[in-house]
Amino acid sequence: GNSVTQMEGPVTLSEEAFLTINCTYTATGYPSLFWYVQYPGEGLQLLLKATKADDKGSNKGFEATYRKETTSFHLEKGSVQVSDSAVYFCALSERLGGAQKLVFGQGTRLTINP
Amino acid sequence: GAGVSQSPSNKVTEKGKDVELRCDPISGHTALYWYRQSLGQGLEFLIYFQGNSAPDKSGLPSDRFSAERTGGSVSTLTIQRTQQEDSAVYLCASSPLGETQYFGPGTRLLVL
C-alpha cells in the first residue's frame with residue numbers, strides 16, 4: 001500500500017538556521033502531497049501542498065517541491081523562527097471514490113531555540 | 001467562518017465503557033473523515049463519509065468502532081467496550097469533495 005516516510009525527530013535548531021525535513025513516499029499513480037503542521041495545543045493545519053510533479057508548494061516561508069523521480073517532498077525554510085516550533089507531518093492522498101484519504105508520515109517534532 | 005469543531009475536547013473513561021465523540025464539520029463540506037493519532041501508530045485513517053453515500057469503513061480497527069453521520073452534517077464516532085489501546089487523539093476533518101481537508105482540534109481519549 002501507499003506509505004510516507006519522514007526523517008525522525010526531534011530536530012532542534014537555532015533561530016535563523018536553515019531547515020530541511022526529509023519526506024519520501026511510495027504510491028501507485030501520482031498522489032497529491034501535503035505538509036501539515038501541528039502547533040503546541042492546536043489541531044492539524046495545512047501548511048502547503050502540491051498536486052503534480054515539479055509543482056512547488058509554499059507558505060509562511062516554507063517550500064516543498066514534488067519530485068517524481070526521487071519520490072520526495074522535502075520541506076525547507078531558509079531562516080526559522082521560534083514560532084515555527086511544532087510537529088510537521090508529510091502526507092499523500094489516496095483516492096476514495098471522489099474524496100481523498102490522507103496517509104501520513106510519523107511526524108517530525110521541530111524545536112527552535114532563540 | 002467557523003472551523004471544524006469536536007466535542008468533548010477531553011474524555012477519560014474506564015475500560016469496558018462505551019464512548020461517543022462528536023464532530024461538527026464546516027458548513028457545506030460534503031466529505032467528513034475520522035483519523036486517530038496515537039503514540040504507537042501515528043496518524044491513521046478510520047472512516048470517511050461522502051454526502052449520503054454509505055461510509056468507507058476500511059480503516060476501522062475493530063467492530064467495536066462505528067460511526068454515523070446524520071443529515072449529511074454532524075458525525076458521531078462510537079467506541080464500544082473501550083480498551084486501553086483505544087487511548088489516542090481522535091481527529092475529524094471535513095472538505096469539499098476532493099479538496100483540502102480541514103481538521104478539528106481533536107478529542108483526547110484516555111481509557112483507564
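Chain naming here is simple, since letters A, B, ... match the order of the sequence lines and numbering starts at 1 in each.
Both the backbone and the side chain of A:K101 come within contact range of chain B, with heavy atoms under 4.5 Å apart. Within the 4.5 angstrom heavy-atom criterion, only side-chain atoms of A:Q38, from C-beta onward, approach chain B. For A:E42, no part lies near chain B; criterion is any non-hydrogen pair under 4.5 Å. Proximity to chain B involves both the backbone and the side chain of A:L102, based on heavy atoms less than 4.5 angstrom apart. Heavy atoms closer than 4.5 Å to chain A are found in the side chain of B:Q37, but not in its backbone.
Contact of the A:F89 side chain with the A:W35 side chain is not registered, since no non-hydrogen atoms from C-beta on lie closer than 4.5 Å.
At a threshold of 4.0 Å, the pair B:R81-B:D18 does not count as salt-bridged, since none of the basic side-chain nitrogens sits closer than that to a carboxylate oxygen. Using a cut-off of 4.0 Å between Lys/Arg side-chain N and Asp/Glu carboxylate O, A:K77 and A:E63 are scored as not salt-bridged. One finds no salt bridge joining A:K52 and A:D54 here, because no Lys/Arg side-chain nitrogen approaches an Asp/Glu carboxylate oxygen to under 4.0 Å.
Using a 4.5 Å cut-off between non-hydrogen atoms, the part of residues 101-112 of chain B that approaches chain A consists of B:Q101, B:F103, B:G104, B:P105.
In this structure a side-chain-to-backbone donor-acceptor pair under 3.5 Å is present from B:R64 to B:Q80. Of the possible polar contacts, one joining the B:S75 side chain to the B:E68 backbone as a donor-acceptor pair under 3.5 Å is found. Under a 3.5 Å cut-off, the side chain of A:Q6 and the backbone N or O of A:C90 do form a donor-acceptor pair.
Ring planes of A:F62 and A:Y88: tilted class, angle from 30 to 60°.
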After noting the C-alpha distance and the side-chain angles of A:K49 and A:S32, does the key distance pass the side-chain hydrogen bond (donor to acceptor under 3.5 Å, both in side chains) rule? CA-CA 7 Å; A:K49 69 177 183 179; A:S32 294; over 6 Å; no
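Of the residues considered (B:V4, B:T30, B:L91, B:T100), B:T100 shows the highest number of contacts with chain A, using heavy-atom pairs under 4.5 Å.
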